[in-house]
Amino acid sequence: MVSLDESNFKLQQPYNLDPSERYSFENGIRKLWVYSNDEPFKQDSDTKPRTEIRMTGYDYSDGVWQFEGYGYVPSGTTGVSIMQIFGADNQATSIMLRVYDGQLKYYNTDVIEDNIYDRWFRVNVIHTVGDSITVFIDGTQKYVADDKGGSDHYFKFGVYTQEGSSDYMESRWKDVQIYNMS
């Protein structure tokens, strides 16, 4: 496990709002929310609304890296990425874990876990750079995807609007850790 402090958790929220209008951190729980009509995180960005934590200080280009955290998604939140590994050859991300109607999916295709609403679930995503990305939910391997290349990667979590989103999107996170397993 690498050493993390608050400086490693960089918040990205709609550029025109104070962080407290889309984020709270109380009793060890990070609550992140966004509305589908919010502004992007940078004024000149053409991306969709998000309130995400970008993990800093541990960008990587090789080896084996793991994200771990306990996530919670309230019912009604849909069409949203709640965790991603940024960096790939022909697209922005190597993986996105998205929520659609209570299902956790690989992007908007394969179901990783059913019935994730209104419960805490442990997420472990292991990135073996140049080979694969493996997703575990509550300690059980649920999905393996090919690595998508790229030379600079980092972890993100929170809520990032995707197609078919609800008006309001929220996720909560606790006990987030990063492991360098190389």
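With hydrogens and angles ignored, the 3.5 Å screen pairs a side-chain donor or acceptor of R119 with a backbone N or O of N115. In this structure, the side chain of Y35 does not engage the main chain of S166 through any donor-acceptor pair within 3.5 Å. Side chain of T47 to main chain of P40: no donor-acceptor pair is present (N/O by atom type, distance under 3.5 Å, no hydrogens or angles). At least one donor-acceptor pair closer than 3.5 Å links the side chain of D89 to the backbone N or O of G150. Here the side chain of Y58 pairs a donor or acceptor atom with the backbone of S3 at under 3.5 angstrom. The backbone N or O of R122 sits less than 3.5 Å from a side-chain atom of D138, completing a donor-acceptor pair. The backbone N or O of M55 sits nowhere less than 3.5 Å from a side-chain atom of N8 that would complete a donor-acceptor pair. Looking at S94, its side chain does come within 3.5 Å of a backbone N or O of G87 through a donor-acceptor pair. Using a distance-only test at 3.5 Å, with no hydrogens or angles considered, a donor-acceptor pair links the side chain of W33 to the main chain of E21. Looking only at distances, no side-chain donor or acceptor of D147 sits under 3.5 Å from a matching main-chain atom of S132.
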Q: Carefully, step by step, assess L32 and L11 under the rule side-chain contact (heavy atoms from CB on, under 4.5 Å).
A: CA-CA 10 Å; L32 304 100; L11 183 65; 4.1 Å; yes
Q: Please lay out, stage by stage, how M96 and Y160 fare under the test side-chain contact (heavy atoms from CB on, under 4.5 Å).
A: CA-CA 10 Å; M96 276 189 169; Y160 179 23; 3.8 Å; yes
Q: Assess whether salt bridge (Lys or Arg N to Asp or Glu O under 4.0 Å) is satisfied between R22 and D38, documenting all intermediate values.
A: CA-CA 10 Å; R22 294 295 182 269; D38 278 345; 2.7 Å; yes
Q: Given side-chain contact (heavy atoms from CB on, under 4.5 Å), test T128 with I133 step by step and report yes or no.
A: CA-CA 6 Å; T128 304; I133 300 171; over 6 Å; no
Q: Kindly indicate, with the supporting measurements, whether the criterion ring-ring contact (aromatic ring centres under 6.0 Å, His included) is fulfilled by Y15 and F41.
A: CA-CA 5 Å; Y15 75 85; F41 79 105; 9.6 Å; no
Q: Apply salt bridge (Lys or Arg N to Asp or Glu O under 4.0 Å) to R54 and D59, showing your working.
A: CA-CA 10 Å; R54 189 258 203 239; D59 293 14; 2.7 Å; yes
(Q) Quick one, S20 with F25, criterion side-chain contact (heavy atoms from CB on, under 4.5 Å). Give me CA distance, side-chain angles, the key distance, then yes/no. (A) CA-CA 9 Å; S20 65; F25 183 36; over 6 Å; no
Q. side-chain hydrogen bond (donor to acceptor under 3.5 Å, both in side chains) between Y107 and Q91: does it pass, once the steps are laid out?
A. CA-CA 12 Å; Y107 292 95; Q91 61 190 59; 3.0 Å; yes
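Side-chain atoms of Q177 and Q66 form no donor-acceptor pair, as typed in the model, at a separation below 3.5 Å. Inspection of the R98 and Q162 side chains reveals an N or O donor paired with an N or O acceptor under 3.5 Å.
How far CD1 of I95 is from CD1 of I85: 6.0 Å, rounded to the nearest 0.5 Å. Here the straight-line distance linking atom CD1 of I116 with atom OG of S75 works out to 11.0 Å at 0.5 Å rounding. Taking NZ of K156 as the start and OG1 of T93 as the end, the distance is 10.0 Å to the nearest 0.5 Å. Rounding to the nearest 0.5 Å gives a distance of 11.0 Å between CG of D101 and OG1 of T77. K10 contributes atom NZ, which lies 12.0 Å from atom CD of E52 (distance to the nearest 0.5 angstrom). Remark: Y143 OH to I112 CD1 distance equals 6.5 Å, nearest 0.5 Å.
Counting heavy atoms from C-beta outward, Y100 and V111 have side chains that stay 4.5 Å or more apart. Y117 is listed as a side-chain neighbour of V99, based on a closest heavy-atom distance under 4.5 Å. The side-chain heavy atoms of F67 and M83, taken from C-beta on, include a pair separated by under 4.5 Å. Annotation: side chain of T78 is not in contact with side chain of S165 (no heavy-atom distance under 4.5 Å). Contact check for T51 versus P14: side-chain heavy atoms found under the 4.5 Å cut-off. Residues I82 and L104 are in side-chain contact: their nearest non-hydrogen atoms beyond the backbone lie under 4.5 Å apart. Contact check for P49 versus E39: no side-chain heavy atoms found under the 4.5 Å cut-off. When side chains are defined from C-beta on, V135 counts as touching I137, because their heavy atoms get closer than 4.5 Å.
Counted within 6.0 Å of CD on E163, heavy atoms from surrounding residues, nucleotides or ligands total more than 12; the atom is thus considered enclosed. By the neighbour-count criterion of 12 heavy atoms within 6.0 Å, atom CG of D146 is sparsely surrounded, having that number or fewer from other residues, nucleotides or ligands. Other residues, nucleotides and ligands contribute over 12 non-hydrogen atoms within 6.0 Å of the CG atom of D18. Within 6.0 Å of atom CG in D62, 12 or fewer heavy atoms from other residues, nucleotides or ligands are found, so the atom counts as exposed in its surroundings.
V80 and Y168 sit in two unconnected hydrophobic clusters of ILVMFWY residues. Membership requires side-chain heavy atoms under 4.5 Å apart, directly or through other members. Hydrophobic clustering keeps Y179 apart from W65 (ILVMFWY residues linked when any side-chain heavy atoms are closer than 4.5 Å, directly or through intermediates). The hydrophobic cluster containing M1 does not contain V125, counting ILVMFWY residues as joined when their side-chain heavy atoms lie under 4.5 angstrom apart, directly or transitively. Clustering ILVMFWY residues whenever any of their side-chain heavy atoms sit less than 4.5 angstrom apart, transitively, puts I29 in a cluster other than the one holding V73.
With Y23 as the partner, the side-chain hydrogen bond (donor to acceptor under 3.5 Å, both in side chains) test is satisfied by one option alone out of K31, Q13, R30, Q12: R30. Of the candidates Y70, W173, Y72, Y72 is the only one forming a ring pair (Phe, Tyr, Trp, His ring centres under 6.0 Å) with W120.
H127 and Y60 have perpendicular rings, their planes meeting at more than 60° on a 0 to 90° scale where under 30° would count as parallel. Between F86 and Y154, the ring planes are parallel. Angles under 30° get that label, and only those over 60° would be called perpendicular. Between F157 and F9, the ring-plane angle classifies as perpendicular under the 30° and 60° cut-offs.
Ionic pairing of R172 and E170 is present here: one or more N-O contacts between side-chain nitrogen and carboxylate oxygen are shorter than 4.0 angstrom.
Residues V129 and S61 come closest through the heavy atom pair CG1-O, 3.3 Å.
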